[in-house]
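The structure appears right after this line, and notes come after that.
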Amino acid sequence: GWTQREPRSVRSILFIPSIPSKTRNTRWMQGRQACVRAVAFPQAHANRPPPATRSCGRGPRRPPNTMRELRQQVVIVGSGFLGLSHAILAREAGYRVCVFERSGRPLGASVRNFGAVWPVGCVAGTERDQALFGVETWQRVAARARIWHDPCGSLSLACREEAWAVLREFKREIDSPEFELLDRDAVLRRFPAANPESLHGALFSRSELVVQPPRAMAGLVEYATSLGVEFHFGSPVVAVQEDRVTTSSGHERAFDHLLVAAGEEMRLLFPRELAAAGVQPCHLQMLRTAPVPDRKSTRLNSSHANIS
């Protein structure tokens, strides 16, 4: 998601978990979070304290047409949420940004997911601070890009005694007004869509928000374009060299920083590396629900765990 970490001295970064180092000037980061942090770009976000690592903010953001242009080129392969979030933050920091996407618009998991911006499951400390920064950035960008979003919070239901004990322990350890522990009766009064069967109670968190992924992705593309991000839709990248990428039409683009977040295309671009790493693809099936009672106050996120 959105990140406020500074870039490390790497030539290119590939979004592949658990890949060993292969080539000079290329660092293969271990795991998604490490990769995201490694390719973040300097920015200055107001109302957020500096992270545990050194801040590299450059003062208040200015409109793109008055930014000091950096000479460094950022190339991003894939226009899903990971690619677009990096494109926007890099451009806001003054980098030149170019995005290559094989399809005519963002597709794949980014438009099929829940649309839940969900920091409640993050560990307190740096991880949660990072997640809350993501929520704030979503709100800022969504407001500027006129993307629908609902800061509805979340409700984690406990339907077993063990789950209820976990929620009570969580509230004792993190005694913050951000979280509210609700007994069974309070849940049913405030959230009529909750299933009363076996319900013990719930934890309400005020930090979460939801978006509509298909509309949100289109809005992010429009917003990034207004910032000056260069998009090449219908241009699949077929080769990644040490300092440039090549598309199916033979077009080459040099880069100083590279993010490859291409989903299924990763298996075409890096088949040997993926095979050596033992990376296994996973699938997520999404279903539409029947109309939910009291839709103005209730939005389903996960039928077995959360109602937001």
Side-chain angles (χ1 to χ4, degrees), residues 1-16 25-27 29 32-46 48 50-51 53-101 106 110 130 133-145 147 216-233 235 237 240 243-245 247 253-263:
W2 306 102
T3 178
Q4 58 181 351
R5 302 291 180 179
E6 61 179 323
R8 300 174 187 173
S9 57
V10 293
R11 187 78 175 188
S12 61
I13 296 292
L14 304 179
F15 183 68
I16 308 177
N25 295 329
T26 301
R27 181 175 301 172
M29 303 307 297
R32 172 170 181 161
Q33 187 67 16
C35 176
V36 171
R37 288 176 179 171
V39 293
F41 304 98
Q43 54 80 46
H45 181 63
R48 167 59 53 189
T53 56
R54 180 178 62 87
S55 173
C56 54
R58 299 178 181 273
R61 287 191 178 90
R62 291 169 290 171
N65 59 354
T66 61
M67 282 182 179
R68 179 176 64 87
E69 290 285 344
L70 298 180
R71 300 183 64 182
Q72 290 188 331
Q73 172 75 63
V74 175
V75 167
I76 296 173
V77 181
S79 67
F81 173 69
L82 183 67
L84 289 177
S85 61
H86 281 81
I88 289 171
L89 290 183
R91 184 66 195 127
E92 288 181 335
Y95 290 81
R96 294 182 295 120
V97 182
C98 178
V99 178
F100 290 95
E101 166 59 47
S110 291
Q130 190 75 24
F133 170 79
V135 173
E136 292 180 3
T137 305
W138 254 116
Q139 292 175 321
R140 174 180 62 82
V141 172
R144 293 182 179 180
I147 296 173
M217 298 306 295
L220 290 177
V221 170
E222 183 177 350
Y223 178 67
T225 301
S226 73
L227 294 179
V229 174
E230 177 185 347
F231 283 95
H232 293 272
F233 288 105
S235 299
V237 169
V240 177
D243 61 350
R244 66 191 60 242
V245 298
T247 69
R253 177 61 67 94
F255 60 79
D256 298 289
H257 300 280
L258 170 70
L259 174 73
V260 179

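What you see below is based on every heavy atom in this structure, not just the backbone, and it leaves out hydrogens, waters and symmetry mates. The structure presented is a predicted model; accordingly, all values stated were derived computationally and were not measured.
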Rounded distance (nearest 0.5 Å) linking atom [atom1] of [X] with atom [atom2] of [Y]:
X	Y	atom1	atom2	answer
Ile147	Tyr223	CD1	OH	9.5 Å
Leu82	Leu259	CG	CG	5.0 Å
Ile88	Thr137	CD1	OG1	10.0 Å
Glu101	Ile76	CD	CD1	12.0 Å
Arg140	Arg144	CZ	CZ	5.0 Å

Taking all heavy atoms of [X] and all of [Y], pick out the closest pair and write down the distance.
X	Y	answer
Ser79	Val99	CB-CG1, 4.1 Å
Gly83	Ala261	N-CB, 4.5 Å
Val229	Ala87	CG2-O, 3.9 Å
Met217	Gly80	CE-C, 3.4 Å

**Item:** Any pair counted as salt bridge (Lys or Arg N to Asp or Glu O under 4.0 Å), so long as it reaches residues 73-87, sequence neighbours left out
**Value:** none
**Fill in**
Between Arg253 and the options Leu258, Val237, Val245, the side-chain contact (heavy atoms from CB on, under 4.5 Å) test singles out Val245
**Request:** Output all residues satisfying side chain to side chain contact (heavy atoms under 4.5 Å, CB included) with Glu222, sequence neighbours left out; order by chain, then residue number.
**Result:** none
**Request:** Report yes if the distance between the aromatic ring centroids of Trp138 and Phe81 is under 6.0 Å, otherwise no.
**Result:** yes
**Request:** Applying side chain to side chain donor-acceptor pair (under 3.5 Å), name anything that partners Ser235, two or more places apart in sequence or on another chain.
**Result:** none
**Item:** Backbone N/O of Leu227 and side chain of Arg91: donor-acceptor pair under 3.5 Å
**Value:** yes
**Asked** Within the side chain of Asp256, is there an N or O that forms a donor-acceptor pair under 3.5 Å with the backbone of Gln73?
**Response** yes
**Message:** Would you call the rings of Tyr95 and His257 parallel, tilted or perpendicular, taking 30° and 60° as the class edges?
**Reply:** perpendicular
**Test log, rule side-chain contact (heavy atoms from CB on, under 4.5 Å), inputs Thr247 and His232** = CA-CA 10 Å; Thr247 69; His232 293 272; over 6 Å; no
**Test ring pair (Phe, Tyr, Trp, His ring centres under 6.0 Å) applied to Phe231 - qualifying residues, sequence neighbours left out** = Phe233
